[in-house]
Novice: 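First the structure, then my questions, so here it is.
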2 protein chains.
Amino acid sequence: MRVTIKDVSRVAGVSIKTVSRVMNKEKYVRDETRRRVEAAVAQLNFSPSLAARTLAGSRSFQIALIYDNHSPYYIHAIQEGVWARCRAEGVRMLAQPVDIASENLAQEIGGLIDETHVDGVILSSPVTDAPEALAELERRGIRFVRISPGTNHAITSSVFMDDAQAADDMTMHLINEGHRRIGFILGHPNHMASDQRHYGYRRALDRAGIDYEPDLVRPGLFDFASGMAAAEELLKRRAKPTAIFASNDDMAAGVLSYAHRMGLDVPQDLSVAGFDDTDLAQLVWPPLTTIRQPTRDLAYAATGLLFGQDEGAIHQRLPHELMVRASTTRVRP
Amino acid sequence: MRVTIKDVSRVAGVSIKTVSRVMNKEKYVRDETRRRVEAAVAQLNFSPSLAARTLAGSRSFQIALIYDNHSPYYIHAIQEGVWARCRAEGVRMLAQPVDIASENLAQEIGGLIDETHVDGVILSSPVTDAPEALAELERRGIRFVRISPGTNHAITSSVFMDDAQAADDMTMHLINEGHRRIGFILGHPNHMASDQRHYGYRRALDRAGIDYEPDLVRPGLFDFASGMAAAEELLKRRAKPTAIFASNDDMAAGVLSYAHRMGLDVPQDLSVAGFDDTDLAQLVWPPLTTIRQPTRDLAYAATGLLFGQDEGAIHQRLPHELMVRASTTRVRP
DNA sequence: CTGTTAGCGCTTTCAA
DNA sequence: TTGAAAGCGCTAACAG
């Protein structure tokens with residue numbers, strides 16, 4: 001039924017061990033032998049059984065991607081990045097949603113590792129910061145890499161973007177367009193990125209000699225509704241901001257929605273800026289100024305770390321990229 | 001190192017075969033024996049190796065979900081549904097993106113099956129209609145189920161929603177609100193759902209005794225841009241439609257965006273209706289009337305078919321659900 | 001109801 | 001540079 005290594009060895013006229021050597025790209029195989037084996041593999045259309053390789057060997061050619069995130073766009077970007085790198089490495093990706101609030105989080109992750117023999121694990125936010133998950137992984141001594149962890153970047157391999165610099169750049173961009181009253185909507189308090197972005201916003205104002213006004217900074221929860229609510233508060237002020245910078249794309253979309261409802265012309269009456277993991281914001285309203293979050297690239301890099309590339313770096317800080325989607329209008333003096 | 005079935009058998013004082021019986025919930029194990037084994041399993045925190053089970057047995061406890069769809073929302077919904085059912089069945093889901101335009105599509109799918117020994121395959125659109133993929137699957141005689149296939153529903157197990165009835169219901173809903181000039185935006189010509197929805201629209205008009213006006217029907221491609229373009233054409237007419245019904249949510253979002261740009265008040269000046277796989281449309285503009293597409297449920301049902309539940313049904317037609325998100329205003333007479 | 005024996009398809013180890 | 005033998009951790013097919 002199934003084509004096995006034995007069939008290949010028979011056709012190629014070598015031992016199964018030699019076929020194994022070729023499949024694993026080992027040295028010490030004569031060129032001509034290798035070619036014969038490769039021909040047989042192609043002829044029989046042989047794909048080795050992962051189960052057998054896993055059982056006999058020390059690798060499973062599989063890694064797990066663990067997440068508990070309900071943003072489809074985010075998950076998609078993460079999966080894409082991990083998947084692309086896995087593909088390049090000839091490894092399979094096991095996508096594993098979990099519930100970080102679950103009592104048995106550690107057990108679930110442990111069971112996954114035992115059952116599948118995965119060679120490594122990628123953690124995406126917020127599983128990156130679930131202590132039970134981290135403890136279980138460390139107890140087992142399995143390789144793992146965290147993507148955009150909220151805390152303790154240094155304790156393990158992790159990748160993340162330079163959030164402070166990104167927010168600084170965006171704020172400076174708005175300042176350069178003439179804005180002086182720039183509203184800011186904070187991110188979810190649980191996420192370390194929120195602090196970083198807030199810090200970057202403030203640092204840019206400082207550098208430009210603009211006073212930091214606490215009234216122009218409103219709380220948010222990284223979702224559409226809190227973006228709308230924050231916009232409402234900001235736009236009710238006597239001294240309206242001329243620009244609003246939201247800490248993520250969902251909130252920026254909320255700001256846009258509120259602005260439209262109020263009959264404001266964006267970007268004539270109000271510039272709206274945000275981060276962008278996705279094409280969500282662009283979809284909602286094109287004239288939005290966004291900083292592209294390199295989620296996919298982060299995931300790609302994280303997976304590379306798992307495979308031992310870039311061994312030197314304990315963690316990597318990836319650059320951000322300022323993308324002005326459409327020109328925001330300069331504020332009239 | 002690893003806890004194996006042997007360790008469990010030693011602790012429980014039985015043979016490994018008995019442990020195997022308990023793990024597989026076979027009959028013919030004395031209750032007390034079963035309990036002893038279960039206690040040992042719990043004590044040692046034993047999770048059987050999938051690789052070993054796969055190699056020795058006839059099942060792999062894994063299925064593959066194959067897709068080539070670039071809508072994050074859609075993929076997410078599909079994954080969620082498949083995943084939920086897999087979890088209930090104690091089976092792992094292998095998410096496998098592919099490129100249906102690839103030369104080696106069949107080979108890739110074949111390789112996946114050989115490597116992983118998956119017990120079955122779920123196909124999501126548009127892989128559901130890639131002849132090479134279907135041929136490969138049939139050649140191997142592996143179980144597979146298609147979700148919302150574009151064509152040939154009957155040739156294999158498949159699940160899909162009742163698109164014609166959904167479109168009929170939505171159209172009737174608009175008619176009941178007093179609308180007589182209802183614009184319709186067609187879906188992508190490659191998708192069978194497009195025809196179905198068009199048919200449902202027309203059938204409802206017929207029943208209400210409203211003439212079908214070809215001018216009120218514009219082509220679309222299931223994306224934001226084509227929705228905007230179609231809206232532009234429809235709203236330039238001398239006899240503007242009072243409502244526009246788009247064949248999917250992305251296009252409905254495009255209609256809304258264009259309406260806003262034109263300063264139209266939705267739903268005062270124009271009712272906008274669409275299908276909704278996602279919360280995208282709601283996000284863009286809440287006062288949208290939508291029919292909820294049961295994507296997640298379809299995926300869940302498809303996976304059930306794969307596991308042999310509902311054996312009788314070759315294919316299943318799932319109901320749709322009309323969800324009026326916010327009241328559309330009645331048209332003044 | 002329970003146990004014994006023989007593999008599944010590979011890699012590892014060791015020898016040639 | 002190649003091959004033979006011994007498992008990896010389970011389940012299938014039998015015996016009892």
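Sequence lines set the chain letters: A, B, ... in the order given, protein chains first and strands last, and positions in each chain run from 1.
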Novice: I want to check one thing: is the phosphate of dG9(C), taken as OP1 and OP2, less than 4.0 Å away from some side-chain N or O of S49(A)?
Specialist: no
Novice: Does T54(A) reach a base, just sugar-phosphate, or nothing at all? Heavy atoms under 4.0 Å.
Specialist: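 The answer is nothing, as T54(A) stays clear of every strand by at least 4.0 Å.
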Novice: What's the closest nucleotide to the T18(B) side chain, out of dT2(C), dC8(D), dT11(D)?
Specialist: dT2(C)
Novice: With a 4.0 Å limit, can you tell me whether T33(B) has a side-chain N or O closer than that to the phosphate oxygens OP1/OP2 of dT2(C)?
Specialist: yes
Novice: Could you tell me the separation between the CZ atom of R21(B) and the P atom of dC10(D), rounded to a whole number of Å?
Specialist: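 Whole-Å distance recorded here is 16 Å.
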Novice: The side chain of L55(A) lies closest to which of these nucleotides: dT2(C), dA4(D), dG9(D)?
Specialist: dG9(D)
Novice: Could you please name the option among dC10(D), dA12(D), dG9(C) that lies closest to any side-chain atom of T4(A)?
Specialist: dG9(C)
Novice: Between dA4(D) atom C1' and K17(A) atom NZ, what is the distance in whole Å?
Specialist: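 Taking atom C1' of dA4(D) as the reference, NZ of K17(A) is at 12 Å.
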Novice: Could you tell me if R21(B) sits above the aromatic ring of Y28(B), with its cationic atom closer than 6.0 Å to the ring centre and no more than 45 degrees from the axis?
Specialist: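 Negative - R21(B) is either too far from the ring of Y28(B) or too far off its axis.
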Novice: Would you mind reading off the distance between R30(B) atom CZ and dG3(C) atom P, rounded to a whole angstrom?
Specialist: 9 Å
Novice: Just the rounded figure in Å: distance from P of dG9(C) to CG of N24(A).
Specialist: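 It works out to 17 Å between those atoms.
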Novice: Roughly, in whole Å, what's the span from CG in D114(A) to P in dC8(D)?
Specialist: 17 Å
Novice: For residues R2(B) and H117(A), is any side-chain donor paired with an opposing acceptor at under 3.5 Å?
Specialist: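 Yes, because at least one side-chain N or O of R2(B) sits under 3.5 Å from a partner of the opposite role on H117(A).
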Novice: What is the separation between atom CZ on R53(B) and atom P on dC10(C), rounded to the nearest whole Å?
Specialist: 21 Å
Novice: Does F307(B) have R85(B) sitting over its ring (NZ/CZ under 6.0 Å from centre, angle to axis within 45°)?
Specialist: no
Novice: Check the distance between dG9(C)'s C1' and I16(A)'s CD1 and give it to me in whole angstrom.
Specialist: 8 Å
Novice: Side chain of A52(A), heavy atoms from C-beta onward: which of dG9(D), dG3(C), dG9(C) has the nearest atom to it?
Specialist: dG9(C)
Novice: Does dT11(D) have OP1 or OP2 under 4.0 Å away from a side-chain N or O of S20(B)?
Specialist: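 Answer is yes, contact under 4.0 Å.
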Novice: Answer with yes or no after comparing the ring centroid distance for Y73(B) and Y73(A) against a 6.0 Å cut-off, counting only values under it.
Specialist: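 Between Y73(B) and Y73(A), the centre distance is under 6.0 Å.
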Novice: For R59(B) and N24(B): C-alpha separation, side-chain torsions, deciding distance, then whether side-chain hydrogen bond (donor to acceptor under 3.5 Å, both in side chains) applies.
Specialist: CA-CA 12 Å; R59(B) 307 178 50 191; N24(B) 290 295; over 6 Å; no
Novice: For G57(B) and for V14(B), locate the closest nucleotide of DNA chain C by heavy-atom distance; then report the residue assigned to the nucleotide nearer the 5' terminus.
Specialist: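 This one resolves to V14(B).
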Novice: From dG3(D), dC10(C), dA12(D), pick the nucleotide closest to the side chain of F46(A)?
Specialist: dC10(C)
Novice: I need the OH-P distance between Y28(B) and dG3(C), as an integer number of Å.
Specialist: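 Between P of dG3(C) and OH of Y28(B): 17 Å.
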